[in-house]
Protein chains: 2
Amino acid sequence: MTDDERKFLEAYDASKFAGPLATVDMAIFCIRDDALHVLLIKRGNHPDKGRWALPGGFVDTRRDADTHATALRKLAEKTGIATPYLEQVVTVGSSNRDPRGWALTVLYFALIDHAALNPDSENVEDAEWVDVHEALTRDLAFDHRDLLTRAARRLADKARYSALPLKLLPAEFTLVETQRVFEILLGAPLEKKSFRRRILAADIVEETGRTRPSARRPAQLYRLTRDIQEDFAFPGLIHTKPALL
Amino acid sequence: MTDDERKFLEAYDASKFAGPLATVDMAIFCIRDDALHVLLIKRGNHPDKGRWALPGGFVDTRRDADTHATALRKLAEKTGIATPYLEQVVTVGSSNRDPRGWALTVLYFALIDHAALNPDSENVEDAEWVDVHEALTRDLAFDHRDLLTRAARRLADKARYSALPLKLLPAEFTLVETQRVFEILLGAPLEKKSFRRRILAADIVEETGRTRPSARRPAQLYRLTRDIQEDFAFPGLIHTKPALL
DNA sequence: TAAATAGTGTCTCTCAGACAGTATGGG
DNA sequence: CCCATACTGTCTGAGAGACACTATTTA
């Protein structure tokens, strides 16, 4: 850094510029009662007080090293879960989406295993797990209906060409359960043989050799062969029409 | 809106909260000399004065209705092009990417037809079209090397499963040119017959019945059957392994 | 009619879809 | 031994890859 640049930075006062409000919002998804659910929070403050909203809040430039940290902080506050799958969906910033002023929000979605939740957190009055289809019929705060639509569509798209939905399952899962998660996200039944052929060929799951107690023939339990992180490159688990070569 | 809420908003002063700096950066791509190029700007101001950077700037909450408008404004300033293909890539915000403070940038990429550029704009000293591979070897300002990597990867990914690269071509184009664009983006040769079968089956291009003058057999010219916008759902133009069903 | 590029015919092999069939547990 | 659910065998049809072949232009 040159002296010239050092002088410039000393004289620079970022607070002189009226930038937008910066927030992070989250669509936290889990599978529950054979359907995709999302966590909604009842707003306790103005604006839109009393309406249901996606969890979120302002970026805290003192506490959060980056937006990912903001998202993890919010997620831990609401669910107690520290290491979910977290993926940035989109950023929406405009002058009219928040009455407080020009507001910019970075939207994330998180995938969690419903069983990993603390059961105590179920009976909180201002938080509710809601079926995504029902949530989209509610009069959500701000533009959260749009945000939820985008997050849900992203997840459904990824079910088409990646193995990401595995992150909605517990550490050990059966292939029948896995297929069901994909069917829920895709909204269509899948062919059992094809599904199994592909997920096994993809080499992303392995048998544990264990089963869960069952009244019928118990299904083999599987686990991931490696962890799934954002930008992982698993082959998809459903057949998509080949691309335009 | 309730009286209660109105009172809250009147008392609200957004400038009291020290939010992050909010900027928009752009990777503007075109095909040139048989390679993917990106527009770089030499920074005239601190910080990182004199280093090459992606075009971009602060969100102007008075002029820009939303971040898309900021991106279009920047694009028009640098290229004079008003209606490119524009797509949001990612948002990066952290405390250490800009010495002026906690800075959040929304990254877009734009695809333009090189021939649509005003030739005058070629000889500007502080702007340069650079081969993307070369650009990534330069010591770019801030974290723009990371940003450019992400934008270029997104474009390459989309070449795999969408018809988006057609937006790098002029209004009329040949199938051989189209195939070449895909090959540049994918970094691998494609099978001519398969490519043609797929692009024609996709029903996204149609013959114009015209040709360009040529020293050899002239190629048929095609045009898009409909415009490509963000979130369009064209089938891809290359063969991808089917997803995990 | 030669050269060069545009564009096609057609074989093969892979694999998704379909679905009937077998396996394995508890009652 | 019956039932329900887990899991497999196998046929078929679609279509991607490969590549040799034909077509069309100028010189």
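Letters go in sequence order (proteins before strands), and every chain restarts at 1. This one's a predicted model, so the numbers in the text were calculated from it and none came from an experiment.
Among residues two or more places apart in sequence or in another chain, the ring-ring contact (aromatic ring centres under 6.0 Å, His included) test is passed with B:Phe173 by none.
Proximity of a side-chain donor or acceptor of A:Glu183 to a complementary backbone N or O of A:Leu190 within less than 3.5 Å is detected. Put simply, the side chain of B:Arg154 gets close to the backbone of B:Val89: a donor and an acceptor are under 3.5 Å apart. In this structure, the side chain of A:Thr225 engages the main chain of A:Asp203 through a donor-acceptor pair within 3.5 Å. Within the 3.5 Å criterion, the main-chain N or O of A:Leu140 finds a donor-acceptor partner in the side chain of A:Arg51.
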Pairwise N/O distances under 3.5 Å, protein to nucleotides 23-26 of chain C:
residue: C:dA23; atom: N3; partner: A:Arg217; partner atom: NH1; Å: 2.6
residue: C:dT24; atom: O4'; partner: A:Arg217; partner atom: NE; Å: 3.3
residue: C:dG26; atom: O4'; partner: A:Ala215; partner atom: O; Å: 2.8

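Minimum atom distance to the side chain of B:Glu191 is reached by D:dG17, of the listed C:dC19, D:dC7, D:dG17. Counting only heavy atoms from C-beta on, A:Arg196 has its side chain closest to D:dT8 among C:dA16, C:dG7, D:dT8.
Put simply, CD1 on B:Ile199 is 15 Å from P on C:dA6, counting in whole angstrom units. Atom CD in B:Gln220 sits roughly 11 Å away from atom C1' in C:dG7 (whole-Å rounding). The distance between atom CZ of A:Phe195 and atom C1' of D:dA6, rounded to the nearest whole Å, is 14 Å. At whole-Å resolution of the value, CG in A:Leu200 and P in C:dC15 are 15 Å apart. To the nearest angstrom, P of D:dA6 lies 15 Å from CG of A:Leu190. Atom CG of B:Leu186 and atom P of D:dG17 are 12 Å apart (whole Å). In this entry the distance linking CD of B:Glu207 with C1' of C:dA6 reads 12 Å, nearest Å. Here the P atom of nucleotide D:dA6 and the CG atom of A:Leu221 are 12 Å apart, to the nearest Å.
For C:dG9, its base sits under 3.5 Å from the side chain of B:Lys193 at one donor and acceptor pair at least. For a distance-only test at 3.5 Å, the side chain of B:Lys192 qualifies as a donor-acceptor partner of the base of C:dG7. Residue-to-nucleotide contacts include a donor-acceptor pair under 3.5 Å from the side chain of B:Arg197 to the base of D:dG17.
A salt bridge is defined here as a Lys NZ or Arg NE, NH1 or NH2 lying under 4.0 Å from an Asp or Glu carboxylate O, and B:Lys167 with B:Glu87 fails to meet this definition.
For A:Arg210, the CZ atom is loosely surrounded, since the number of other residues' heavy atoms within 6.0 Å does not exceed 12.
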